[in-house]
Amino acid sequence: MVDRDRLKNTDFKLENSYANLPSVFYTKQFPSYVLDPKIVILNKSLIKALDLNIDTLERDGAEIFSGNKLIEGSMPIAEAYAGHQFGHFTMLGDGRAVLLGEHITKEGKKVDIQLKGSGITPYSRGGDGKAALGPMIREYIISEAMNALGIPTTRSLAVVTTGESIAREKVEPGAILTRVASSHVRVGTFQYAARFASYEDLKELADYTINRHYPEAMNKENPYLFLLEEVSKRQGALIAKWLQVGFIHGVMNTDNVTISGETIDYGPCAFMDTYDPSTVFSSIDYQGRYAYGNQPYIIAWNLARFAETLVPLLSNNQDEAVDMAQNMVSRFNDIYKEMYLSGMRFKLGLFNEEREDENLIYDLLNLMHKNGADYTNTFRNLTLDKKCDIVMFETTEFSSWFNRWQERLNRQEKSKEEIIKLMKSVNPSVIPRNHLVEEAIEAAVKNNDYTVMNKLLEVLLRPYDYADYQEEYAKLPEPSKIPYRTFCGT
Ligand code: AMP
Ligand code: MG
């Protein structure tokens with residue numbers, strides 16, 4: 001491989017620790033050259049948080065974030081992984097992404113800097129390796145909104161257009177998103193190791209992962225069992241948070257489940273408006289496998305696949321190892337449920353626990369389902385003590401639920417102010433509603449107008465503010481005859 005031009009003094013401090021893993025785990029891969037790179041979005045607050053320099057990146061960002069020039073110290077690779085896609089096991093890998101390296105912040109935090117849409121790799125499986133502008137803007141908006149909601153997620157540092165045209169449902173401008181992640185190790189990476197690599201390779205991957213994400217495991221009697229437990233807890237906590245804000249990932253394949261516990265891969269994801277557990281937006285999810293209400297069951301299934309990969313490491317005695325894995329998997333539902341209920345209690349302003357809380361929570365959700373109530377705005381209005389705008393509020397069933405709730409609130413020794421403060425801290429007053437996200441994308445892609453997106457982001461980055469200027473963004477879209485559909489954008 002002939003080297004690329006290198007940029008010095010960019011403030012990036014890059015390591016390439018992943019490239020020290022056995023070579024089965026990656027392929028060295030330069031990003032493809034692009035014709036005419038232009039920055040369209042730079043995430044200034046993230047640039048600051050990573051101890052990078054805004055002026056430098058305004059000057060050199062088009063070259064850096066397109067991959068046309070490489071940062072000093074970068075050794076770009078495409079990672080290998082496999083995964084169950086809609087239940088079917090497949091060999092995958094970074095088919096349109098390259099990892100430039102791991103940036104180390106001043107505090108010593110390590111983050112992957114990855115270009116997404118940077119051209120074909122050995123894992124492209126016939127794809128063009130490219131990304132279109134619309135879906136990259138979508139990922140930018142939703143990942144940053146998720147972060148502001150307090151949900152672990154990969155971040156978006158920049159979007160550049162490439163000057164190329166990309167053929168998708170229609171022809172779109174090409175773009176590259178710079179994704180920042182605490183790592184890109186996935187359940188699918190472990191599946192790849194378990195299926196296609198040696199025991200030693202699998203062990204190296206597990207040790208690398210422990211060292212990077214769960215260093216406390218090293219002092220445990222069985223570090224790999226600890227790894228399985230902690231990943232399960234983080235994923236459980238993550239999915240509970242998704243459900244609490246009405247987020248539907250849309251493509252919870254095992255390759256899209258991180259070991260770090262961050263949300264990754266914003267393809268066909270979307271937020272639910274009307275509460276209905278069977279809500280699906282993705283145009284390719286024909287069976288509703290990844291519907292809103294299925295997400296806890298799917299993550300349990302995905303974690304079972306993760307557990308299987310660890311069996312050779314858990315014990316030399318295979319029966320014992322399988323028991324350990326199964327034991328963890330069978331405990332997952334209880335662990336998850338507790339996390340979910342505890343978050344839902346907060347949404348209702350409950351500080352303590354009572355046995356009847358579960359019924360109180362599910363009775364409200366059932367009423368919302370029956371009456372077609374908007375998920376976010378129901379909790380928003382309960383927080384604001386505004387009994388208007390939602391038809392369900394006028395029903396006698398709701399009145400009786402409301403009285404039960406008030407009685408429950410009165411049984412805890414908390415002031416009204418404390419209760420409202422808690423509710424405001426967990427019930428977003430604004431979410432990236434589909435119609436708003438679409439408007440922002442359309443203005444940018446069709447008219448090169450990023451003001452709509454920037455205004456939307458300003459609101460989404462303060463989801464718990466309950467400020468007057470946000471009112472407009474909390475409104476529901478006009479009813480549409482056509483159900484909202486999302487596309488992978490691949
Ligand atoms: P995703 O559905 O985005 O999780 O991607 C699933 C797999 O398809 C991953 O291995 C991606 O790298 C690959 N992939 C997605 N889009 C493309 C593309 N345009 N060209 C090549 N590979 C792709
Ligand atoms: Mg993926």
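Everything numeric here is computed off the predicted structure, so don't read it as measured data. For ligands, and for the atoms within them, numbers begin at 1 and follow the listed sequence. Scope of the values below: all heavy atoms of this structure, side chains included, with no hydrogens, waters or symmetry mates.
- At least one heavy atom of G129 sits under 4.0 Å from some atom of ligand 1.
- When distances from the Mg ion (ligand 2) to the N, O or S atoms of D265 are compared, OD2 comes out shortest.
- Proximity of the aromatic rings of Y81 and Y192 is defined here by a centroid distance below 6.0 angstrom, and this criterion is not met.
- In this structure, Y208 and Y18 have perpendicular ring planes: the angle between them is above 60°, well past the 30° mark.
- Using a 4.0 Å cut-off between a side-chain N of Lys or Arg and a carboxylate O of Asp or Glu, E79 and R186 do not qualify as a salt bridge.
- Under a 4.0 Å criterion applied to the non-hydrogen atoms of R168, ligand 1 contributes the atoms 19 (N).
- Contact annotation: D255 places no N, O or S atom under 2.8 Å from the Mg ion (ligand 2).
- The closest approach between any non-hydrogen atom of D265 and ligand 1 is below 4.0 Å.
- Salt-bridge annotation for K44 and E58: present, with a side-chain N of the basic residue lying under 4.0 Å from a carboxylate O of the acidic one.
- Between K109 and D51 there is no salt bridge, since none of the side-chain N atoms of the basic residue sits less than 4.0 Å from a carboxylate O of the acidic one.
- Residues H213 and E230 bring no donor and acceptor atom of their side chains to less than 3.5 Å of each other.
- Of the polar atoms of G127, none of the N or O atoms is found under 3.5 Å from an N or O of ligand 1, judged by distance alone.
- Taking the charged nitrogens against the carboxylate oxygens, R168 and D128 do have a contact shorter than 4.0 Å, which makes a salt bridge.
- Counting atoms of ligand 1 from 1 in the listed order, those under 4.0 Å from a heavy atom of L92 are 7 (C), 10 (O).
- For D255, every heavy-atom contact with ligand 1 shorter than 4.0 Å involves the side chain, none the backbone.
- Close approach of ligand 1 to N256 is summarised as follows: ligand atoms under 4.0 Å from at least one heavy atom of the residue are 4 (O).
- I141 places a side-chain heavy atom less than 4.5 Å from the side chain of M453.
- Among the atoms of N256, an N, O or S atom falls under 2.8 Å of the Mg ion (ligand 2).
- If you number the atoms of ligand 1 from 1 as listed, the ones under 4.0 Å from a heavy atom of K130 come out as 19 (N).
- Between H249 and Y266, the two ring planes are tilted [angle within 30° to 60°].
- For N253, no heavy-atom contact with ligand 1 is shorter than 4.0 Å.
- Between K455 and E458 no salt bridge is recorded (no basic side-chain N to carboxylate O distance below 4.0 Å).
- Here Y123 has no heavy atoms under 4.0 Å from ligand 1, in either its backbone or its side chain.
- Ligand-side atoms of ligand 1 in range of Q85: 6 (C), range being under 4.0 angstrom from any heavy atom.
- Residue contacts with ligand 1 for R186 are absent, since no atom lies close enough (heavy atoms, distance under 4.0 Å).
- Checking only distances, D94 never comes within under 3.5 Å of ligand 1, N or O to N or O.
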